[in-house]
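Below is one structure, written out as structure tokens, with a few remarks after it.
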Amino acid sequence: MYQQVKEYWKNLIEEQVALIAQEKGIDAATLREAGELAVNTTPSPDMGDLAFPLFPYAKVLRTSPQAIVKDITERLSRVDTVRPGSLLPSGPYLNVFIDIPSLAGALRETVYAEGDSYGHTELLKGQRMMVEFSCPNTNKPLHLGHLRNDAIGESISHILKANGAEVEKVNLINNRGIHICKSMLAYQRFSEGETPESSGIKGDHLVGKYYVRYAAWEKEDPSALEQAQQMLRKWEEGDPEVLKLWNLMNRWTIEGIEETYRKTGVSFDSYYYESDTYTLGKDTILKGLEDGIFYREEDSSIWIDLEEIKLDKKVLLRKDGTSLYLTQDIGTAIQRHGKWPFDSLIYVVASEQSYHFKVLFHVLAKLGYEWARNLYHLSYGMVNLPDGKMKSREGTVVDADDLIASLTAMAREEIIAKNREKEVGDIDDVSEKIARGALNYYLLQPSPMKDMIFNPAESISFNGNTGPYLQYMGARISSMLAKWETVKEEYEGIRFDPSLLSVQDERELIKMLALWPTLVAQAAAEYNPSVITSFLYDLSRTFSRYYHDHAVLKGESRELIVARVTLVTMVLQVLKNAYALVGIPFLKSM
RNA sequence: GUAGCCAUAGCUCAGCUGGAUAGAGCAUCAGAUUGCGGAUCUGGAGGUCGGAGGUUCGAAUCCUCUUGGCUACACCA
């Protein structure tokens, strides 16, 4: 919507530039050397809404930018078909005050009509996009790193959907390999048959406990590793006893992890298991060998030469014929495309695996899969702690459940301290939603690519640029609109008059609301949820200032009250729509 | 060694296709409530945008070199 206004002014000014060029006898080709006219914002609102720098034309038109600005301003003042708005020449810049009332009028129609889907675009319409994220091991509970992964995966899925894509969220459970056997082995030896039910320990934590127990045992008993390897062999042979334990412990872990997912608002459309896909990977490699894409070493292991992409050689199948990580991922990708033919597949995986994905995508392309060109590694940086990295050996790994629990407890204390137990209703539910909003917002603020530092103290603070701050804006507006509902009838018949919204912050809010769809599209194009979080904060801050400085329900006239209530209603709608894309629960009261 | 990513205020982060005086939060100092939720708002102080060249009318942004940090380069996943 704002986009159209920008285009309108841009075209108008470009036309005038073309006319000037024509009069000077400068041909169109020469003019084009100056490039496209840039549309910027002004440094401050009192200088206008849009800024057009005219430096680039100075050279081709052989005059100063200032003169061009002056010339265009004069010409436009003579054109009476110009849409309302006004010009403010500012040195080499031509600034434009756009016509806010007409923008606000159009906004009112669109936002009220579209509601929860205001801001959705058709950028990715007809695209089938699969998003893989989370991908836990079944030998321990989730930690902070998974939470960032989950937040990004979940958010990007919502963003893609909002842009019209059909999205399939998939999880790949890493449930095979020697690390899984280690926790099983320790369980066999030390557990005395304890279960999540008997011990009261959440399934994933119980399994994790034995994974840790194994590590201790391995130090005492040098034969431990050998026993684990033996168990893996038994697993591959299909030993019923081993499989039984494997199934049982996998179930415990997955059920535990799913409980964590519920708390963080994460869900999947389908699950894949590595135990199901590695054989397909193996067969594919063998077929590729027949087709001459790969080659066999003397020791009978199978390799690919990656010289084409300027990398070394890579082994695809061990000499004993067993599969590797890469082999499995090849199988998984092919299986997925078979089950749910996608146009693109996005892997949300830590940046440390970019080499792996480079190789994976290349191998799939060499195998002749058309869709291999549309695989994308959405890589994200590590989550570190203020005093360094998380290290499991040093016990500095931040457990996901612990973190959520302490955030929830903090939120709860805050509600009690503010004496708002009655207003919030279900205090457990609200505390959990505040914690979830705080966590998701904290994790989605930095660009995915960058490493980030997770400061627990800061994350549980609810002041400043935080999730709860954003939720608070929604709650305040809700509370105001609830009051409005009780007096609404008295205002029956008063129409929304956008021209009454003339305060600076009202102009800013209208522009931001109108800009929202553009940001939704940008977030998808860049695979970057932080576009949304930044916008949310800007909008909230502007609204908060506005709310502080100007009375809405106690405005000077009935018409003004109606106009402001309409604006505030739209702010709430856009806040809600933005919350939904970044996993911040909307709260009427907190 | 080779490749990739990163470097912006004391700390944590923004900064759109290159554009006007590089912005927030935290911390710090000083203020604001006879109004719709103070989990709020306003102001001060705090910057050689790692460094050096280059391209350009104009560079935090693009190019080259360089320094520092992280990661990967396993017949682990």
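Naming convention: chains lettered A, B, ... in sequence-line order (proteins, then strands); numbering from 1 in each chain. Note that the structure is a prediction, hence the values are computed from the model and not measured.
- Heavy atoms of Ala350(A) sit nowhere under 4.0 angstrom from any nucleic acid atom.
- Ring stacking is absent between Phe55(A) and G58(B), as the pair misses the limits of under 5.5 Å between centres and under 30 degrees between planes.
- No close placement of the Tyr441(A) and Tyr537(A) rings is indicated, their centers lying 6.0 Å or farther apart.
- The side-chain hydrogen bond (donor to acceptor under 3.5 Å, both in side chains) check on Asp451(A) picks up nothing, with sequence neighbours excluded.
- For Lys6(A) and Tyr2(A), the positive end sits near the middle of the six-membered ring, less than 6.0 Å away and at most 45° from its axis.
- Tyr93(A) comes within contact range of at least one nucleobase, with a heavy-atom separation under 4.0 Å.
- Between Lys450(A) and the phosphate of A14(B), there is a side-chain N or O to OP1/OP2 separation shorter than 4.0 Å.
- Among G38(B), A72(B), A77(B), the nucleotide with an atom closest to any side-chain atom of Tyr472(A) is G38(B).
- U21(B) and U40(B) have their P atoms separated by 33 Å, given to the nearest Å.
- Aromatic ring centres of Phe133(A) and Tyr380(A): separated by at least 6.0 Å.
- Distance from the side chain of Ser301(A) is smallest to C75(B) among A39(B), C75(B), A77(B).
- Within the nucleic acid shown, Ile477(A) has no heavy atom closer than 4.0 Å to any nucleic acid atom.
- Between Tyr380(A) and the phosphate of C5(B), there is no side-chain N or O to OP1/OP2 separation shorter than 4.0 Å.
- Protein atom CD of Gln522(A) is 12 Å distant from nucleotide atom C1' of A14(B), rounded to whole Å.
- Here, G38(B) and G44(B) have their P atoms 24 Å apart, quoted to the whole Å.
- No contact: Asn455(A) has no heavy atom under 4.0 Å from any strand.
- Side-chain N/O atoms of Ser544(A) include one lying less than 4.0 angstrom from OP1 or OP2 on C41(B).
- Between the Arg412(A) side chain and the Ile427(A) main chain, no donor and acceptor come within less than 3.5 Å of each other.
- Following rounding to the nearest Å, Leu553(A) (CG) and G37(B) (P) show an atom-to-atom distance of 8 Å.
- Rounded to an integer number of Å, the gap from Leu515(A) CG to C16(B) P is 14 Å.
- Rounded to whole Å, the P atom of U56(B) lies 28 Å from the corresponding atom of G15(B).
- If you measure from atom CG of Asp451(A) to atom P of U8(B), you get 13 Å, rounded to the nearest angstrom.
- Considering only the side chain of Ser534(A), A14(B) comes nearest among U40(B), A39(B), A14(B).
- Residue-level contact check: Pro56(A) touches the bases, meaning some heavy atom is under 4.0 Å from a base atom.
- Residue Leu88(A) contributes atom CG, which lies 13 Å from atom C1' of A20(B) at whole-angstrom precision.
- Salt bridge status for Arg233(A) with Glu236(A): absent, with no side-chain N to carboxylate O gap under 4.0 Å.
- Residues satisfying the ring pair (Phe, Tyr, Trp, His ring centres under 6.0 Å) criterion with His356(A), sequence neighbours excluded, are Tyr325(A).
- Using a 4.0 Å heavy-atom criterion, one finds that Lys310(A) contacts no nucleic acid atom at all.
- Of the candidate nucleotides A77(B), C75(B), G37(B), G37(B) has the atom lying nearest to any side-chain atom of Ser479(A).
- Counting any heavy atom pair closer than 4.0 Å across all strands shown, Met452(A) reaches sugar-phosphate atoms only and no base atom.
- Residue Pro446(A) is classed as a sugar-phosphate contact, given heavy-atom separations below 4.0 Å to backbone atoms only.
- Asn149(A) contributes a side-chain N or O that, together with a main-chain N or O of Val348(A), makes up a donor-acceptor pair within less than 3.5 Å.
- With both ends at atom P, the span from C63(B) to G46(B) equals 33 Å, rounded to whole Å.
- With distances taken from any side-chain atom of Phe462(A) to the nucleotides A39(B), C13(B), A77(B), the minimum falls on A39(B).
- With A39(B), G19(B), G15(B) as the choices, the nucleotide that has an atom nearest any side-chain atom of Pro53(A) turns out to be G19(B).
- Within 4.0 Å (heavy atoms only), Tyr355(A) reaches sugar-phosphate atoms of the nucleic acid but no base atom.
- Taking atom P on both C49(B) and A59(B), the two are 12 Å apart, rounded to the nearest angstrom.
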Could you tabulate the donor-acceptor pairs under 3.5 Å formed by side-chain atoms of residues 52-65 of chain A, not counting sequence neighbours?
| unit_1 | atom_1 | unit_2 | atom_2 | d |
| --- | --- | --- | --- | --- |
| Ser64(A) | OG | Ala67(A) | N | 3.1 |

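- Dashed line: the shortest gap from a side-chain N or O of Lys59(A) to OP1 or OP2 of C57(B) is under 4.0 Å.
- Candidate nucleotides U12(B), C75(B), G38(B) were compared by shortest atom distance to the side chain of Tyr547(A), and G38(B) ranks first.
- Among the atoms of the strands shown, none is found under 4.0 Å from any heavy atom of Glu423(A).
- Lys483(A) comes within 4.0 angstrom of the backbone, heavy atoms only, and of no base.
- Lys313(A) comes within 4.0 angstrom of nothing in the nucleic acid, heavy atoms only.
- Mapping Met480(A) and Gly177(A) onto RNA chain B by nearest heavy atom places Met480(A) at the nucleotide closer to the 5' end.
- Looking at which nucleotide of RNA chain B each of Arg176(A) and Leu311(A) is closest to, the 5′-most match is held by Leu311(A).
- In RNA chain B, the stems built from three or more successive Watson-Crick or G-U pairs (distances below 3.5 Å) are B:1-7 with B:67-73, B:10-13 with B:23-26, B:28-32 with B:40-44, B:50-54 with B:62-66.
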Candidate pair Ser461(A) and Asn463(A), rule side chain to side chain donor-acceptor pair (under 3.5 Å), full reasoning: CA-CA 6 Å; Ser461(A) 152; Asn463(A) 303 323; 4.6 Å; no

Protein-proximity profile, nucleotides 25-35 of chain B, B/S/- by nucleotide at the 4.0 Å heavy-atom cutoff, equals SS--------B

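- Between C36(B), C6(B), G19(B), one nucleotide has an atom nearer to the side chain of Val552(A) than all others, and that is C36(B).
- Comparing A9(B) with A14(B), their C1' atoms sit 13 Å apart, to the nearest whole Å.
- Arg420(A) has no carboxylate O lying under 4.0 Å from a charged side-chain N of Glu414(A), or vice versa, which leaves the two without a salt bridge.
- Between U61(B) and A22(B), the two P atoms lie 15 Å apart (nearest whole Å).
- Side-chain contact annotation: Thr253(A) with Thr138(A), donor-acceptor N/O pair under 3.5 Å absent.
- Every residue was checked against the side-chain hydrogen bond (donor to acceptor under 3.5 Å, both in side chains) condition with Tyr93(A), not counting sequence neighbours, and none meets it.
- With A20(B), C41(B), G38(B) as the candidates, the nucleotide lying closest to the side chain of Arg476(A) is G38(B).
- Between A7(B) and C11(B), the distance separating the two C1' atoms is 15 Å to the nearest Å.
- Closest to the side chain of Asn95(A), out of G37(B), A20(B), C76(B), is A20(B).
- By the 4.5 Å heavy-atom criterion applied to side chains, Arg476(A) and Ser544(A) are counted as neighbours.
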